[in-house]
Amino acid sequence: MSISLLISLIPLIPFIGFLINGLGFKRIPKTLVPLIGTGASLLSFLCVLNTYLQFTGEPIVVRLFDWISIAQWSIGFSFQIDQLSLIMLFVITGVGTLIHGYSAGYMKHDEGYGKFFAYLNLFLFSMILLVLGGNYLMMFIGWEGVGLCSYLLIGFWNSNTNYANAARKAFIMNRIGDLGFLIGIFLLLSTFGTLEYGEVFNSAKGLQIGAPIITAITLALFVGAMGKSAQIPLFTWLPDAMAGPTPVSALIHAATMVTSGIYMIVRSNVLYTLAPFTLEVVAWVGLATALLGALIGLYQNDIKKVLAYSTVSQLGYMFIGLGVMAYSSGLFHVITHAFFKALLFLGAGSVIHAMSDDQDIRNMGGLWSKIKITAITFLIGTIAISGIPPFAGFFSKDEILAHTFEHNKVMWILAVAGSFLTAFYMFRLFFVTFTGKFRGTEEQEHHLHESPSSMTIPLIVLAGLSIIGGFIGMPVVFHAPHYLNEFLSPIYEGSRQVLPGFGEVHLSHSTEWMLMGISVAVAVVAILLSYNVFGKGQKVPGEKYSGLKKWIYDKFYIDEAYNAVFVNPMTKFSTWLGKAMENTVFGGIINGIYRLVTGSSGVLQRLQTGNIGTYIALITLGVIIIFGISVGSEVWASLKSISK
């Protein structure tokens with residue numbers, strides 16, 4: 001099979017799966033639904049694997065047809081395979097397939113089983129289109145597609161008003177970011193006359209570092225990334241996205257939507273290298289988001305909400321890496337995060353399944369002996385996200401911290417503080433959920449059982465990846481190859497031409513050992529502190545807080561502030577418009593037309609007397625009027641000719 005056909009099949013197969021389950025979900029036998037959905041994802045993954053085996057290292061562009069041709073502009077419907085898109089496709093289809101398989105057991109008894117798998121396949125198709133697209137417009141189509149799918153899946157149980165509101169909130173907040181992305185695309189087109197990646201980057205390399213137009217373009221694109229990847233101030237939709245089924249949470253947080261902003265910046269690394277001001281903005285926004293997400297996660301009691309705020313925080317670390325020009329490090333953390341965050345969310349789903357849909361960790365406890373596989377794999381994910389070697393999270397997070405230390409020492413101190421909070425609240429979650437005595441009802445305790453193999457097998461696979469996944473990027477001091485950097489190296493050739501020495505870290509081995517030691521020590525201290533407070537089964541998170549704790553528990557009232565500043569005024573303005581414009585202006589016009597028509601029709605009705613004499617008189621009058629008009633026009637014409 002030719003590589004061009006393989007590349008085209010990668011997005012096409014999930015789309016076909018979407019069509020089959022989407023159009024026939026009420027008629028397809030229930031046993032076939034997960035086979036079609038998961039099979040489509042698995043086949044797409046195998047196409048990615050086959051493409052990788054045929055890949056020679058040179059970018060491959062498959063232009064299917066000319067999409068838009070206006071004057072000198074020509075934008076193709078094209079796909080591009082290179083090192084970056086291959087890495088992302090492996091994450092999307094690989095982790096996505098595991099989530100599809102898990103969903104077969106988790107959603108088995110849901111009425112919308114077929115529709116759910118159709119939406120999952122569409123989500124996969126949209127994300128593949130986003131990373132496989134050969135230009136910014138193709139990326140934008142996938143960008144909008146994942147936004148649509150998140151709306152459909154977050155609000156999947158739309159009979160619940162709160163869930164429907166959460167879906168709407170995600171959709172609207174992402175539209176704000178998407179407007180920035182769209183402005184960035186318009187600026188790219190007007191500046192470079194093209195949206196094709198290669199042409200844009202080659203033209204951009206001739207511009208001066210810090211050029212105002214490049215700063216404007218990169219800031220606009222970053223607004224899009226802030227929306228999709230949940231950065232301050234457009235982050236509040238992501239925790240509310242927990243309204244959807246747990247596999248949806250795993251797919252959004254690990255393999256698809258939230259990674260799109262990081263991918264976009266890494267793809268645009270030439271542009272961002274030319275914009276140092278934008279990079280500083282990216283780094284500091286990422287740091288603020290990392291700290292805010294970690295702080296809020298300290299006091300959350302919904303098992304999925306804790307994981308949601310941990311995603312917000314971990315995304316912040318990825319953006320810190322991008323902001324200090326450690327593009328590979330940011331992408332490295334995307335990969336390892338996909339492993340352990342998918343594991344944690346699916347593990348949380350297994351806990352919720354065992355707890356009869358209860359998500360409050362205050363009602364749990366003692367689950368270690370009840371659901372052993374879930375507990376062990378969840379512990380592995382918790383260790384990985386806390387940054388303990390040799391688990392995957394240690395290598396990627398530590399690499400970001402090393403680059404941050406070289407860039408800005410204050411930023412590094414704050415980032416290390418954030419990693420302390422991460423280890424503390426994640427082990428708080430683990431200890432409260434799995435240790436101590438069970439605090440739920442007798443009915444819940446009677447129902448406790450391990451999840452079926454369709455759910456536990458993906459957990460075991462992801463746990464294995466969370467352990468070994470970090471070895472693709474070993475630190476320099478270990479004198480081992482950094483496979484990820486070596487593979488991605490061609491992607492950054494343009495940035496090296498713009499900035500000689502790009503990507504190099506000038507740290508001594510002793511400094512690197514010191515930084516790793518501090519990072520691990522901080523995580524260990526946080527774990528021990530968490531164990532001392534929650535690990536002995538004697539401390540249960542409180543229901544009432546005061547002072548600073550209440551502010552953190554209530555998420556710093558950011559949602560309330562947004563409601564006060566944006567939502568409520570807009571609602572009142574819309575209500576006023578409805579009363580003033582619809583009732584008074586438009587209603588007055590419509591009522592006036594109504595009165596005119598009814599009044600005139602009333603006059604005409606009076607002429608319908610049923611008297612033949614009256615009708616003859618009216619006909620005669622009409623003839624006279626027509627005759628008079630005709631004679632008058634003839635006389636007028638004669639007078640005009642005489643005057644001439």
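Of the charged side-chain nitrogens involved, none lies within less than 4.0 Å of a carboxylate oxygen, so that D110 and K115 do not count as a salt-bridged pair.
Here the straight-line distance linking atom CD1 of I380 with atom CZ of F391 works out to 6.0 Å at 0.5 Å rounding. The CZ atom of F222 lies 15.0 Å from the CG atom of L271; values are rounded to the nearest 0.5 Å. Taking OG1 of T93 as the start and CE of M127 as the end, the distance is 11.5 Å to the nearest 0.5 Å.
Two rings, from F434 and F378, have their centers less than 6.0 Å apart. The aromatic ring centroids of F156 and F116 lie less than 6.0 Å from each other. Taking the six-membered ring for Trp and the full ring otherwise, the centers of F55 and Y52 sit at least 6.0 Å from each other.
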Intermediate values then yes/no, ring-ring contact (aromatic ring centres under 6.0 Å, His included), F18 and F15: CA-CA 5 Å; F18 155 70; F15 188 72; 5.7 Å; yes

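Around atom NZ of K305, more than 12 heavy atoms belonging to other residues, nucleotides or ligands sit under 6.0 Å away. Within 6.0 Å of the CZ atom in F186, the count of heavy atoms belonging to other residues, nucleotides or ligands does not exceed 12. The local environment of NZ in K372 is crowded, with over 12 non-hydrogen atoms from other residues, nucleotides or ligands closer than 6.0 Å.
Side chain of S489 to backbone of E486: no donor-acceptor contact under 3.5 angstrom is found. With hydrogens and angles disregarded, a donor-acceptor distance shorter than 3.5 Å links the side chain of S41 to the backbone of T97. Panel note: side chain N269, backbone V266; a donor-acceptor pair is recorded below 3.5 Å. Here the side chain of S350 pairs no donor or acceptor atom with the backbone of L346 at under 3.5 angstrom. Using a distance-only test at 3.5 Å, with no hydrogens or angles considered, no donor-acceptor pair links the side chain of K304 to the main chain of A243. In this structure a side-chain-to-backbone donor-acceptor pair under 3.5 Å is missing from N121 to L124. Distance alone, capped at 3.5 Å, places no donor-acceptor pair between the Q80 side chain and the S78 backbone. Using a distance-only test at 3.5 Å, with no hydrogens or angles considered, a donor-acceptor pair links the side chain of T289 to the main chain of I232. Remark: side-chain polar atoms of T377 are paired, donor with acceptor, to backbone N or O of T374 under 3.5 angstrom. Side chain of S44 to main chain of A40: no donor-acceptor pair is present (N/O by atom type, distance under 3.5 Å, no hydrogens or angles).
N50 places none of its side-chain heavy atoms less than 4.5 Å from the side chain of L46. The shortest side-chain heavy-atom distance between P490 and E58 does not fall under the 4.5 Å cut-off. By the 4.5 Å heavy-atom criterion applied to side chains, H482 and E399 are counted as neighbours.
Taking the six-membered ring where tryptophan is involved, the planes of Y197 and Y136 are perpendicular, since the angle between them exceeds 60° and thus also 30°. Classification of the Y317-H333 ring pair by plane angle, with boundaries at 30° and 60°, yields perpendicular. Between H449 and H353, the ring planes lie perpendicular to each other; the angle is over 60°, past the 30° to 60° tilted range. Classified by interplanar angle (parallel below 30°, tilted 30° to 60°, perpendicular above 60°), the ring pair F77/W67 is perpendicular. Aromatic ring pairs are classed by plane angle as parallel below 30°, tilted from 30° to 60° and perpendicular above 60°; the pair F90 and F45 is perpendicular.
Among all heavy-atom pairs drawn from I371 and A354, the shortest one is CG2-CB, 4.1 Å.
Residue pairs meeting the salt bridge (charged side-chain N to carboxylate O under 4.0 Å, His left out) criterion with at least one partner in residues 165-182, sequence neighbours excluded, are E144-R175, K169-D240, K169-D559, R175-D178, D178-K228.
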Scan the side chains in residues 247-258 for donor-acceptor partners under 3.5 Å anywhere in the protein, sequence neighbours excluded, and list what turns up.
| unit_1 | atom_1 | unit_2 | atom_2 | d |
| --- | --- | --- | --- | --- |
| H253 | ND1 | T311 | OG1 | 2.8 |
| T256 | OG1 | L251 | O | 2.6 |

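Checking each of I385, T336, L343 against S466 for a side chain to side chain contact (heavy atoms under 4.5 Å, CB included) leaves exactly one that passes, namely L343.
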